[in-house]
Amino acid sequence: MIRSIDDPYSKNGGIAVLKGNLAPDGCVVKRSAVGENMMKHKGSAKVFDNEETALKAIYGNEIQPGDIVVIRYEGPKGGPGMREMLNPTSAIMGSGLGDSVALITDGRFSGATRGAAIGHVSPEAAVGGNIALVQNGDPIEINIPEKTISLLISEQEMEQRRSMLKPFESTVKKGYLSRYFSFNLLRECYYSQPILITKRYSI
């Protein structure tokens with residue numbers, strides 16, 4: 001059924017791009033799949049450096065209502081390849097936390113994702129994005145109507161953490177993903193499509 005322009009299903013589009021100090025270059029949420037009570041959310045960060053440890057924590061009942069799950073180093077360079085984060089969002093929904101827990105990641109989502117799932121955080125953690133500076137317990141504020149996402153710590157604290165941040169080193173050392181990782185991806189624009197290779201590499 002297609003509604004008329006005078007009687008739309010929603011006054012807003014299905015996708016929203018949020019910006020703030022946690023995602024200076026933006027991040028994406030499927031706002032049409034977010035419950036009204038989660039359009040504005042403030043909570044404490046629970047930080048994980050990969051999808052597997054996040055899933056273990058969710059299934060182990062370590063995530064509480066009000067928390068914000070942060071999964072990083074899953075972006076184009078960090079994954080490498082920008083893995084889909086559908087499993088953690090499904091686990092949150094299946095645990096009955098979909099109306100009280102948000103998820104933020106530099107990974108990506110598919111069209112099946114429900115809830116306050118915010119992905120494509122840019123710059124990603126692997127290139128030193130601010131998502132790499134988040135620590136457990138940090139307050140984060142999400143405001144989808146205002147299209148903002150904020151890590152509520154001082155600029156001084158952020159710079160202090162940045163000075164101690166170690167360069168990311170991929171665990172993938174060979175194969176096509178290692179070749180993919182070796183490319184210097186643009187800070188402002190990420191692509192998960194195959195990259196044209198004009199130089200020979202040994203695998």
Side-chain angles (χ1 to χ4, degrees), residues 14-31 33 45-56 58 68-92 102-135 140 142 147-151 158 161-162 165-203:
I15 302 295
V17 176
L18 315 183
K19 285 192 173 183
N21 65 348
L22 187 53
D25 293 340
C27 55
V28 182
V29 60
K30 188 169 73 173
R31 66 183 300 162
K46 292 286 184 70
V47 185
F48 306 94
D49 287 344
N50 55 60
E51 176 189 19
E52 289 79 9
T53 53
L55 278 171
K56 184 177 179 181
I58 297 167
I68 297 180
V69 176
V70 177
I71 306 178
R72 60 193 180 191
Y73 297 105
E74 291 288 5
K77 205 171 183 72
M82 206 171 194
R83 296 198 295 173
E84 181 182 2
M85 296 293 107
L86 178 61
N87 286 337
T89 55
S90 298
I92 288 171
L103 188 150
I104 299 171
T105 180
D106 52 11
R108 64 182 178 88
F109 295 113
S110 73
T113 301
R114 294 185 296 140
I118 300 167
H120 300 259
V121 169
S122 176
E124 65 173 299
V127 298
N130 289 346
I131 190 173
L133 307 178
V134 183
Q135 296 181 2
I140 295 174
I142 301 163
K147 299 181 181 177
T148 60
I149 183 167
S150 304
L151 175 61
M158 290 183 72
R161 293 181 187 183
R162 186 176 300 283
L165 187 64
K166 297 179 180 179
F168 174 73
E169 183 176 351
S170 177
T171 57
V172 178
K173 302 298 183 183
K174 60 182 180 179
Y176 283 103
L177 284 178
S178 177
R179 181 192 294 180
Y180 181 94
F181 174 81
S182 69
F183 282 93
N184 184 17
L185 299 178
L186 291 175
R187 177 177 178 271
E188 297 85 4
C189 190
Y190 296 129
Y191 298 91
S192 57
Q193 295 91 343
I195 298 174
L196 178 64
I197 298 169
T198 59
K199 183 178 179 180
R200 290 184 179 272
Y201 289 86
S202 60
I203 298 176

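These numbers come from a predicted model, not from an experiment.
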Donor-acceptor contact below 3.5 Å, side chain E74 vs main chain T105: no
Checking S122 side chain against G26 main chain: does a donor-acceptor pair fall under 3.5 Å? no
Can you confirm whether V70 sits close enough to V121 that some side-chain heavy atom of one is under 4.5 Å from a side-chain heavy atom of the other? no
Side-chain touch V47/Q135, heavy atoms, less than 4.5 angstrom: no
To check you understand the geometry: which heavy-atom pair defines the closest contact between [X] and [Y], and what is its length?
| X | Y | value |
| --- | --- | --- |
| P24 | N130 | CG-ND2, 3.9 Å |
| R72 | A132 | NH1-O, 3.1 Å |
| A125 | D106 | N-OD2, 2.9 Å |
| L22 | L151 | CB-N, 4.2 Å |
| S150 | N21 | CA-OD1, 3.3 Å |
| E124 | K77 | OE2-N, 3.0 Å |

At what distance, to the nearest 0.5 angstrom, does [atom1] of [X] lie from [atom2] of [Y]?
| X | Y | atom1 | atom2 | value |
| --- | --- | --- | --- | --- |
| E52 | R83 | CD | CZ | 4.5 Å |
| D25 | H120 | CG | NE2 | 14.0 Å |
| T89 | I71 | OG1 | CD1 | 8.5 Å |
| L55 | N50 | CG | CG | 9.5 Å |
| I58 | I92 | CD1 | CD1 | 4.5 Å |
| E84 | T113 | CD | OG1 | 6.5 Å |

Sorted by chain and number, sequence neighbours left out, salt bridge (charged side-chain N to carboxylate O under 4.0 Å, His left out) with K30 holds for none
Sequence neighbours excluded, the answer for salt bridge (charged side-chain N to carboxylate O under 4.0 Å, His left out) partners of R114 is none
Working note: I142 + I104, criterion side chain to side chain contact (heavy atoms under 4.5 Å, CB included); need CA distance, chi angles, decisive distance, verdict. CA-CA 10 Å; I142 301 163; I104 299 171; 4.1 Å; yes
